[in-house]
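Below is one structure, written out as structure tokens; the observations come after it.
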Amino acid sequence: MSALGAMLGAAIWLTLGISPLAAAEAPLSPPKPALVRVLFEPETATMGQTSREDLTVFAEDFRRRSGRLELRAYAGPPHDTSSNARRLALKRALSVRRVLVSNGVTAERIHVRALGGTSDSGPTDRVDVRLFGG
């Protein structure tokens with residue numbers, strides 16, 4: 001960012017009566033609701049038995065319904081968009097996708113998004129299963 005851009009940004013923050021540090025430290029918003037939230041242990045892409053069972057029950061029900069799913073995968077601390085965080089998030093999403101497909105949900109109905117670190121106050125190691133576009 002140029003010096004002029006930095007000065008303009010600071011001027012905007014000051015005009016709004018917010019310091020840049022206060023904005024960066026603002027609490028994260030709550031996570032959006034998910035049809036299923038699959039939790040993972042830190043630094044792993046292996047889901048627990050309870051999560052796998054919940055996902056299996058969901059898949060067996062959803063395969064009889066219409067619509068598409070979006071898997072929003074998170075890994076790492078909030079706002080971490082490093083390649084390592086996104087790579088782990090992708091592994092988690094593919095693990096969830098594999099369970100859904102093996103239980104009758106067609107792969108074409110599943111959209112995967114590996115986001116890295118969260119931008120909300122939800123668990124940092126998770127995959128949220130949501131309706132696509134919802």
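Both backbone and side-chain heavy atoms feed into the values below; hydrogens, waters and symmetry mates do not.
For Arg72 and Asp120, the salt-bridge test fails: no basic side-chain N is under 4.0 Å from an acidic carboxylate O. Contact check on Asp128 versus Arg126 returns a salt bridge, with a Lys/Arg side-chain nitrogen under 4.0 Å from an Asp/Glu carboxylate oxygen.
When all heavy atoms are compared, the tightest approach of Val112 to Ala93 is CG1-CB, 3.5 Å. Across all non-hydrogen atoms, the minimal contact from Ser66 to Arg109 is C-NH2, 3.5 Å. Contact detail for Ala45 and Ser95: the closest heavy-atom pair is O-OG, 3.5 Å. Taking each heavy atom of Lys32 and Arg37 in turn, the nearest pair found is O-NH2, 3.3 Å. Residues Arg97 and Ala107 approach most closely at NH2-CB, 3.1 Å, considering heavy atoms. Shown here for Leu69 and Val105, the closest heavy-atom pair between the two residues is CD1-CG1, 4.5 Å.
Side-chain contact between Leu55 and Val129: present, with at least one pair of heavy atoms (C-beta onward) separated by less than 4.5 Å. Using a 4.5 Å cut-off on side-chain heavy atoms (C-beta onward), Leu28 and Ser119 make no contact. Side chains of Pro31 and Ser121 form a contact here, defined as non-hydrogen atoms less than 4.5 Å apart.
A continuous path of hydrophobic side-chain contacts links Val127 to Leu100 [ILVMFWY only; heavy atoms under 4.5 Å]. In the hydrophobic clustering of this structure, Ile110 does not group with Tyr74; members are Ile, Leu, Val, Met, Phe, Trp, Tyr whose side-chain heavy atoms approach within less than 4.5 Å, directly or through other members. In the hydrophobic clustering of this structure, Val38 groups with Leu131; members are Ile, Leu, Val, Met, Phe, Trp, Tyr whose side-chain heavy atoms approach within less than 4.5 Å, directly or through other members. Hydrophobic clustering, with ILVMFWY side chains joined whenever heavy atoms are under 4.5 angstrom apart, groups Leu90 together with Met47. When the side chains of ILVMFWY residues are joined at heavy-atom separations under 4.5 Å, either directly or via intervening members, Val57 and Val36 end up in two distinct hydrophobic clusters.
Looking at Val96, Leu88, Thr46 one by one, the single match for side-chain contact (heavy atoms from CB on, under 4.5 Å) with Phe40 turns out to be Val96.
In this structure, NE2 on His79 lies 12.5 Å from OG1 on Thr124, to the nearest 0.5 angstrom. Interatomic distance, CZ of Phe132 versus CZ of Arg68, reported as 5.0 Å (0.5 Å rounding). Thr44 contributes atom OG1, which lies 7.5 Å from atom CG of Asp125 (distance to the nearest 0.5 angstrom). Atoms CG and CZ, on Leu115 and Arg92 in that order, are 12.0 Å from each other to the nearest 0.5 Å.
Judged purely by atom type and a 3.5 angstrom limit, Arg113 has no side-chain atom pairing as donor or acceptor with the backbone of Leu71. The main-chain N or O of Val99 is found under 3.5 Å from a side-chain atom of Asn103 such that the two form a donor-acceptor pair.
Between the side chains of Ser82 and Asn84, no donor-acceptor pair is found at a separation under 3.5 Å.
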